[in-house]
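What's counted below: heavy atoms across the whole structure, side chains too, no hydrogens, waters or symmetry copies.
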Amino acid sequence: EVLTEIARAALGLDGVDGCRIALWRRELDDVELAADETVDDWSTLYRAGEYLPLADWPSYREAMTRGRVRSFHTKDPDVHARERANLLADGIYSGTVIPIAIGDESHGFLALHARQRRRFGESARRFASELAAQAAAAIDRARLFDALQRRAETDGLTGLLNHRAAQEALDRELTLARAAKTSLSVVL
C-alpha cells in the first residue's frame with residue numbers, strides 16, 4: 001500500500017503518465033511488480049503482483065546492477081528489440097529507471113513512464129529519486145518487521161512455532177473451520 005501511494009505521488013510530476021515500482025528477485029532473475037500506477041486514461045498490460053523476467057527488460061536490470069539512473073526512448077538504438085516491443089505494447093515511449101537501494105545494494109526500481117517521446121526534467125528526476133529513497137525505507141522497514149515477527153513466533157533452536165504462535169494458528173484454523181462448518185484435524 002505504501003509503494004502504491006509512492007507511485008501515485010510520481011504521477012504529479014511533469015510529463016509522468018505512469019510509475020512502476022518493482023522488487024528485484026536476484027536468484028530468479030526477475031522482478032515482482034509492487035505498484036503500477038497510471039493516469040486515468042491509460043491502462044497498462046501489467047498489474048501489481050505479476051513477475052517480469054529481467055531478460056525481457058535489460059534497461060531496468062542495468063539500472064539496478066549499476067546502481068544508476070537509466071533514461072531511454074523506445075527508439076534509442078541501445079534499447080533491446082524485445083524490450084522495445086514490450087514497452088510499445090504497453091504504450092510506453094519514454095522512461096527513466098531509478099534503482100531502489102538500501103545501503104549499497106539494489107532491491108528494485110522505480111520507473112517513470114511517458115506515452116510520448118520525451119526526457120523528464122531534472123526536477124522530476126530529483127523528486128523521483130526522493131520517492132525511490134522513500135520506497136527503499138518502506139521496503140527496509142517491512143523486511144525488518146517480518147524478521148522481528150518471525151523471531152517472535154519461532155523457537156530459536158528448532159525453528160518451529162513457539163507455544164503462543166501455535167495457539168494463535170490453532171485458534172485461526174478453528175475459527176475458519178467453524179465458519180465453513182467443516183472438520184479440523186490436529187496431529188501432535
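Both I102 and V69 are members of a single hydrophobic cluster when ILVMFWY side chains are connected at heavy-atom separations under 4.5 Å. Transitive grouping of hydrophobic side chains (ILVMFWY, heavy atoms separated by less than 4.5 Å) brings Y60 and L52 into a common cluster. In the hydrophobic cluster analysis, where Ile, Leu, Val, Met, Phe, Trp and Tyr join through side-chain heavy atoms closer than 4.5 angstrom, W24 is grouped together with F109. A continuous path of hydrophobic side-chain contacts links L3 to L11 [ILVMFWY only; heavy atoms under 4.5 Å].
Shortest non-hydrogen contact noted between A128 and L112 is CB-CD1, 3.6 Å. Here the closest heavy-atom approach between residue T74 and residue I92 is recorded as CG2-O, 3.0 Å. Shortest non-hydrogen contact noted between S71 and R125 is OG-CD, 4.3 Å.
A salt bridge links R118 with D14: the closest approach of a Lys/Arg side-chain nitrogen to an acidic carboxylate oxygen falls below 4.0 angstrom. At a threshold of 4.0 Å, the pair E130-R126 does not count as salt-bridged, since none of the basic side-chain nitrogens sits closer than that to a carboxylate oxygen. Between D56 and R84 there is no salt bridge, since no side-chain N of the basic residue sits under 4.0 Å from a carboxylate O of the acidic one. Taking a cutoff of 4.0 Å between a charged side-chain nitrogen and a carboxylate oxygen, R61 and D30 do not qualify as a salt bridge. Using a 4.0 Å cut-off between charged side-chain N and carboxylate O, R115 and D41 make a salt bridge. Remark: E50 does not engage R47 in a salt bridge, criterion side-chain N to carboxylate O under 4.0 Å.
A donor-acceptor contact shorter than 3.5 Å links the side chain of T158 to the backbone of L160.
Residues F120 and F127 form no side-chain contact, since every pair of their non-hydrogen atoms from C-beta on lies 4.5 Å or further apart.
For the residue pair T154 / N162, no side-chain donor-acceptor distance below 3.5 Å is found, with atom types taken as modelled. Side-chain polar atoms of S59 and R70 form a donor-acceptor pair below 3.5 angstrom.
Within a 6.0 Å radius of CZ in R82, other residues, nucleotides and ligands contribute 12 heavy atoms or fewer. For E1, the CD atom counts as loosely surrounded, since its 6.0 Å shell holds 12 or fewer non-hydrogen atoms of other residues, nucleotides or ligands.
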_D36/T44 under side-chain hydrogen bond (donor to acceptor under 3.5 Å, both in side chains): CA gap, chis, key distance, verdict_ = CA-CA 8 Å; D36 189 37; T44 62; 2.5 Å; yes
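Ring planes of Y46 and W57: perpendicular class, angle over 60° (limits at 30 and 60°).
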